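In what follows, a structure is listed as structure tokens, so that the remarks can point back to it.
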Protein chains: 2
Amino acid sequence: MIDFEILEGCPVFKGIKHGEIRLLFKDIHYRIRAYKKGELIAIAGEPALHLFIVLQGSVKGEMIDYSGRSLKIEDIEAPRPLASAFLFGTDNRFPVTVSANNEVSILLIPVQEFLKIMQRNARVLTNFLNNISSRSQFLSQKLQFLNFKTIREKVAFFLLQHTTDRLHSMELKATQQQLSEMFGITRPSLARVLSEMQREKLFIIEKKTVTILNKQKLREILHYG
Amino acid sequence: MIDFEILEGCPVFKGIKHGEIRLLFKDIHYRIRAYKKGELIAIAGEPALHLFIVLQGSVKGEMIDYSGRSLKIEDIEAPRPLASAFLFGTDNRFPVTVSANNEVSILLIPVQEFLKIMQRNARVLTNFLNNISSRSQFLSQKLQFLNFKTIREKVAFFLLQHTTDRLHSMELKATQQQLSEMFGITRPSLARVLSEMQREKLFIIEKKTVTILNKQKLREILHYG
DNA sequence: ATCAAAATGTACCAATTGTTACAATAAGAA
DNA sequence: TTCTTATTGTAACAATTGGTACATTTTGAT
């Protein structure tokens with residue numbers, strides 16, 4: 001049985017009371033599955049036949065190339081849908097391999113059933129459209145990011161994106177290892193560039209806090225780098 | 001006045017007769033605008049308040065990064081929607097700057113009005129969902145491709161993707177210069193790898209025809225780097 | 001406080017790609 | 001054909017990144 005109050009917090013059901021959500025699920029087929037830490041939830045290339053909603057725990061999506069190297073795309077925490085942008089389309093397959101970060105519980109709704117729900121409730125429809133649009137924008141940004149050639153450019157872009165004109169410092173929530181996976185590079189390479197850029201007084205890293213010292217130079221790296 | 005027969009060919013209205021499309025537009029506010037060659041249609045960063053459908057002519061989308069370099073150019077010809085994946089979402093702004101390739105006529109439907117149309121007709125809804133999903137998948141594939149580290153891997157992937165088990169040859173429709181741009185590398189680097197791989201008898205290029213000689217080895221490049 | 005594990009800094013060398021330049025060939029127009 | 005331009009092949013060197021290894025620091029649990 002679904003705990004509909006959890007779904008209130010899910011972007012797809014945002015703004016709908018759990019009582020109403022319960023009504024939407026009347027006569028709808030669905031299934032709930034539990035996964036253990038590390039277990040595979042979906043494999044890249046597999047057809048996406050259900051809407052997956054993470055009810056509990058968090059999952060990891062990564063692209064794995066033929067040589068086994070991975071590019072981590074993102075973590076998805078409860079209560080959020082996953083692979084929503086790949087439910088429809090002419091070739092509706094998972095583009096990423098998804099695995100459980102910890103104990104995970106997932107709600108599976110067949111595509112056709114979910115279509116019914118969207119027709120029943122306009123709010124779910126706009127929520128879902130918002131959700132997949134945001135994903136497109138996310139992928140677009142990711143693409144733009146990977147297009148930056150050098151590690152210096154990636155670092156400069158990352159720092160500028162995470163600070164404002166007023167606030168010149170940010171907290172790193174990821175380790176260098178995780179950052180390097182996001183950037184699609186190796187950890188020592190990232191460390192080397194970070195120390196070079198710090199030697200040039202572009203910024204300083206203390207513990208987990210990055211403080212920008214020369215925002216203008218960082219911008220120039222993207223302009224002429 | 002809209003020529004509804006043109007819209008029959010638009011992915012968003014696929015499978016709907018023009019008489020029915022006409023009914024869908026009853027009481028719907030819309031606008032048609034003409035643009036001259038070279039004129040700006042939308043600027044990156046601008047909020048997307050309307051669904052844009054190119055009725056006549058073709059438009060060009062350019063992604064411009066901080067340095068002013070244009071990253072990618074996409075042409076959209078009539079009758080197709082543009083930036084459909086960016087209509088919704090929390091930050092619904094144009095990711096690209098769009099300009100007219102020639103004399104262009106564009107149908108502008110306000111977001112709220114288009115939502116009404118989708119609620120009136122389930123086919124438009126699924127068409128639109130398919131459209132955005134396909135776009136996401138396109139971006140995803142692009143990401144996966146850029147994720148291949150070496151030029152050898154990119155070449156191997158490209159060739160395997162364009163040949164079948166039966167047919168071992170393909171026609172190159174692009175010059176090395178264009179291919180290298182698709183791959184995100186320089187032209188001499190591509191040429192070097194192409195000649196190395198030919199020396200290893202993995203394939204041969206004659207004029208514009210590529211013939212695979214050792215498909216097994218190409219696969220191994222992707223498997224073991 | 002103490003210890004083990006995780007994370008970080010750094011160095012060395014190999015591999016890959018970029019840059020630049022120029023010759024050879026192919027394609028297209030007059 | 002003949003000429004011009006675009007495309008391709010290739011070389012030498014520079015720049016960047018990867019791979020590996022190890023010392024140091026930080027973190028977190030006991």
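Hydrogens, waters and symmetry mates are skipped; everything else that's a heavy atom, side chains included, is used. Here is how names work: the chains are called A, B, and so on, in the same order as the sequence lines, proteins then strands, and each is numbered from 1. These figures come from a predicted structure and were not determined experimentally.
Although no hydrogens or angles enter the test, the distance criterion places a donor-acceptor pair under 3.5 Å between the side chain of A:Thr126 and the main chain of A:Arg123.
Taking the six-membered ring for Trp and thresholds of 30 and 60 degrees, B:Phe128 and B:Phe88 have ring planes more than 60 degrees apart, a perpendicular arrangement. A:Tyr30 and A:Phe25 have perpendicular rings, their planes meeting at more than 60° on a 0 to 90° scale where under 30° would count as parallel.
When rounded to the nearest whole Å, the span between CD1 of B:Ile185 and P of D:dT17 equals 16 Å. Atom P of nucleotide C:dT20 and atom CG of B:Leu190 are separated by 18 Å, given to the nearest angstrom. We find that CG of A:Leu172 is positioned 13 Å from C1' of C:dA7, with the value rounded to whole Å. Taking atom CD on B:Glu153 and atom P on C:dA15, their separation rounds to 16 Å, with Å as the unit. Taking atom CD1 on B:Ile151 and atom C1' on D:dT16, their separation rounds to 13 Å, with Å as the unit. Look at CD on A:Glu206: it is 12 Å from P on C:dG9, rounded to the nearest Å. Rounded to an integer number of Å, the gap from A:Glu196 CD to C:dA11 P is 11 Å.
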Dump the pairs, protein N or O against N or O of nucleotides 1-4 of chain C, anything under 3.5 Å, distances to one decimal.
none

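For A:Ile205 against A:Gln198, the heavy-atom pair with the smallest separation is N-OE1, 2.9 Å. Heavy atoms only, all atoms of each residue included: A:Asn102 and A:Ser58 are closest at OD1-N, 3.0 Å.
Rounded to 10 degrees, the angle between the two end axes of the helix from C:dA1-D:dT30 to C:dA30-D:dT1 is 50°, with five pairs used at each end.
Applying the ring-ring contact (aromatic ring centres under 6.0 Å, His included) test to pairs two or more places apart or on separate chains, those with a residue in residues 178-198 of chain B are B:Phe145-B:Phe183, B:Phe158-B:Phe183. Note on residues 200-214 of chain B: pairs passing side-chain hydrogen bond (donor to acceptor under 3.5 Å, both in side chains), not counting sequence neighbours, are B:Arg152-B:Glu200, B:Glu171-B:Thr209.
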Problem set entry | Residue pair B:Ser189, B:Thr186: steps toward the side chain to side chain donor-acceptor pair (under 3.5 Å) verdict | CA-CA 5 Å; B:Ser189 294; B:Thr186 59; 2.9 Å; yes
Problem set entry | Candidate pair B:Met197 and B:Ile221, rule side chain to side chain contact (heavy atoms under 4.5 Å, CB included), full reasoning | CA-CA 11 Å; B:Met197 292 175 88; B:Ile221 286 172; 3.7 Å; yes
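When the shell of 6.0 Å around NZ of A:Lys149 is examined, it contains more than 12 heavy atoms from other residues, nucleotides or ligands.
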For this session: Give the B/S/- string for nucleotides 6-12 of chain D, one per nucleotide from 5' to 3', where a protein heavy atom under 4.0 Å of the base yields B, of only the sugar-phosphate yields S, and otherwise -.
Result: -SBBB-B
Side-chain polar contacts of residues 38-57 of chain A - donor-acceptor pairs under 3.5 angstrom, sequence neighbours left out - could you list them?
| residue | atom | partner | partner atom | Å |
| --- | --- | --- | --- | --- |
| A:Glu39 | OE1 | A:Lys36 | N | 2.8 |
| A:Glu46 | OE1 | A:Ile43 | N | 3.4 |

